[in-house]
Q: 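Would you mind keeping the following structure in view while I ask a few things?
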Amino acid sequence: MNDLLPDASGRWEALEEIVRHWLHAYGYRNMRTPILEQTRLFTRGIGEVTDIVEKEMYTFTDGLNGDSLTLRPEMTAGVVRAAIEHNLLYDRPQRVYSLGPVFRHERPQRGRYRQFHQIDVEALGFAGPDVDAELIVMLARLWKILGLQGMRLELNSLGAPAERAAHRDALIKHLEQHKDILDEDGLRRMYTNPLRVLDTKNPAMQEMANAAPKLFDFLGEESRAHFDGVVARLEDAGIAYTLNPRMVRGLDYYNGTVFEWITDQLGAQGTVCGGGRYDGLISLLGGKPTPAIGFAIGMERLLDLWGQGGLAPQPECDIYVVHQGDEAQRSAARIAETLRDAGLSVIVHAGAAGFKAQFKRADASGARAAVILGEEEVSGRVASVKWLRVDEQGNTAPQQQVAWEQLSQYLVSKA
């Protein structure tokens, strides 16, 4: 787990603002759930034989009442729990999103700490392929907004429960024929979660996994029609994809459409966004049978990618006020409030220091301009304005004096 210091948090805030505006454009509203939930929510929803539940959850016993509690390892289960508890789906479907930390006790890697952050987006109550495609299309828009290059889409369908059951039987038979090459995880999962055996990173098992029965071949007419509907809409939007029949995702609740957006610019950990349909989860957790689909984006990985384009540091303020003398300092405080009333962010230099030191600090703040108050300015009720940044032509506006009454209007018009 790591600290987020002020120089870095400005980039986070800028990305969060872009994300909120992007989600609002598609009608998604914010939803916030606790980071702490009953452990059984995750064991039921995610699956008891997944890596997350078996190895990665931060679980402890509440010393007051003995309940088993867990820091959320993902957000979907909590969002669904809240939707059921508060009858959120009683009268209409819901488009919701959450931003915040999640926790997994796994080996730290690039863009993934044990406390990391996700953009979680859920469309609850929508059954058709149109919403599946809309989620993928809106992600393509986000990559465009952020100027990300080289993002590629992988797509699969996990079908309906009966189709998965038929594939599971065929897959177990295949694995039983290759017991001699299965590693410890493969042997352990062969009967409990055989799909996850195919997701192995063990080179000795790759050939066996490639030759395994493919779930896509077991899809019935309805599942294939749904998948074809998604693909047709992606083609309408001009979005290329690769069919990956081995994509299973790491959570048991998925069915139907599953997808990942991947990049080669983050080393081995290239998945930036993953999601899919989970039509059975709401009923599994006690609600009425309701279709749903969603995705999650790792904020740290997204920031890493976004930063590769060379982001300028976020300024601390618009205006930095420097002053000399007690009366100038008091006037600076009053003037700063009028500038804030006009919508500008302002730092007034704290304490006493020479102009040289104050200008050095003003420049380091990233402010567009310094407002200067000395004895002469105070007596004349004017402020000297020194512009600190160059324009597109590489020029700096000349320093000039502005009456206090006109200062806000002048700075707003120029800043």
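Atom set for the values below is all heavy atoms of this structure, side chains included, hydrogens, waters and symmetry mates excluded.
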Q: How far apart are the closest heavy atoms of Leu99 and Met75, and which atoms are they?
A: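 Looks like C-CE, 4.0 Å.
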Q: Just how far is it from atom CD of Glu16 to atom OG of Ser9, taken to the nearest 0.5 Å?
A: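 Glu16 atom CD to Ser9 atom OG measures 9.5 Å (nearest 0.5 Å).
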Q: Can you list, pair by pair, the side-chain donor-acceptor contacts under 3.5 Å of residues 356-363, counting residues two or more places apart and other chains?
A:
from, atom 1, to, atom 2, distance (Å)
Gln358, OE1, His323, N, 3.0
Gln358, NE2, His323, O, 2.8
Gln358, NE2, Ala353, O, 2.8
Arg361, NH2, Glu316, OE1, 2.7
Arg361, NH2, Glu316, OE2, 3.4
Asp363, OD1, Arg389, NH1, 2.9

Q: For Asp318 and Leu344, indicate whether the former's side chain and the latter's backbone hold a donor-acceptor pair under 3.5 Å.
A: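 Side chain of Asp318 to backbone of Leu344, a donor-acceptor pair under 3.5 Å: no, none is there.
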Q: Residues in side chain to side chain contact (heavy atoms under 4.5 Å, CB included) with Glu235, at least two apart?
A: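 Residues passing side chain to side chain contact (heavy atoms under 4.5 Å, CB included) with Glu235: Val231.
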Q: Any chance the side chains of Thr43 and Arg40 put a donor and an acceptor closer than 3.5 Å?
A: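 Per modelled atom types, Thr43 and Arg40 side chains form no pair under 3.5 Å.
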Q: Using a 4.5 Å cut-off on heavy atoms from C-beta on, say whether the side chain of Phe218 contacts that of Asp169.
A: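 The answer is no, as the side chains (C-beta and beyond) never meet within the 4.5 Å cut-off.
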Q: If the threshold is 4.0 Å, N to carboxylate O, is there a salt bridge linking Arg188 and Glu184?
A: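 No salt bridge links Arg188 with Glu184.
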Q: Tell me, please, which residues at least two apart from Leu219 pass side chain to side chain contact (heavy atoms under 4.5 Å, CB included).
A: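 Per chain and number, Leu219 pairs via side chain to side chain contact (heavy atoms under 4.5 Å, CB included) with Ser157, Glu163, Phe216, Ser223, Arg224.
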Q: Does the side chain of Arg95 come within less than 4.5 Å of Arg29's, by heavy atoms?
A: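 Sidechains of Arg95 and Arg29: no contact.
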Q: Quick check: do Ile297 and Leu139 have side-chain heavy atoms less than 4.5 Å from each other?
A: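 They are in side-chain contact.
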Q: Please tell me if the side chains of Arg233 and Glu134 come closer than 4.5 Å, counting only heavy atoms from C-beta onward.
A: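 Of all side-chain heavy-atom pairs linking Glu134 with Arg233, none is under 4.5 Å.
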Q: Enumerate the residue pairs fulfilling side-chain hydrogen bond (donor to acceptor under 3.5 Å, both in side chains) with a member in residues 18-27, sequence neighbours excluded, ordered by first and then second residue.
A: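 Applying side-chain hydrogen bond (donor to acceptor under 3.5 Å, both in side chains) to every pair that reaches into residues 18-27, excluding sequence neighbours, yields Tyr26-Arg141.
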Q: Can the positive tip of Arg301 be found less than 6.0 Å from the middle of the six-membered ring of Phe116, inside 45° of the ring normal?
A: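 No, Arg301 does not sit over the ring of Phe116.
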Q: Who are the ring pair (Phe, Tyr, Trp, His ring centres under 6.0 Å) partners of Tyr58, not counting sequence neighbours?
A: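 So Tyr58 forms a ring pair (Phe, Tyr, Trp, His ring centres under 6.0 Å) with His105.
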Q: Under 3.5 Å, is there a donor-acceptor pair between the side chain of Glu74 and the main chain of Thr76?
A: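 Such a contact is found between Glu74 side chain and Thr76 backbone.
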Q: For the residue pair Leu23 and Met138, establish whether any side-chain heavy-atom pair is separated by less than 4.5 Å.
A: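 Yes, close enough: below the 4.5 Å cut-off.
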Q: Is a salt bridge present between Asp264 and Arg152, judged by a nitrogen-to-oxygen distance below 4.0 Å?
A: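 Judged by the 4.0 Å cut-off on N to carboxylate O distance, Asp264 and Arg152 do form a salt bridge.
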Q: Looking at side-chain heavy atoms only, is the closest gap between Leu305 and Met151 below 4.5 Å?
A: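 Side chain of Leu305 against side chain of Met151, heavy atoms only: contact under 4.5 Å found.
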Q: Taking Phe259's backbone N and O only, do any of them form a donor-acceptor pair with Asn156's side chain (distance below 3.5 Å, no angle check)?
A: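 Flag not set: sc Asn156 to bb Phe259 has no pair under 3.5 Å.
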Q: Could you tell me whether the side chain of Gln399 reaches within less than 4.5 Å of the side chain of Ile372, counting heavy atoms only?
A: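 They are in contact (side-chain heavy atoms under 4.5 Å apart), so the answer is yes.
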Q: So Leu148 and Leu302, do their side chains get closer than 4.5 Å, heavy atoms only?
A: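 Side-chain contact under 4.5 Å: yes.
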Q: Side chains of residues 282-296: which donor-acceptor pairs under 3.5 Å do they make with residues two or more places apart or in other chains?
A:
from, atom 1, to, atom 2, distance (Å)
Ser283, OG, Gly280, O, 3.1
Thr290, OG1, Lys288, O, 2.7

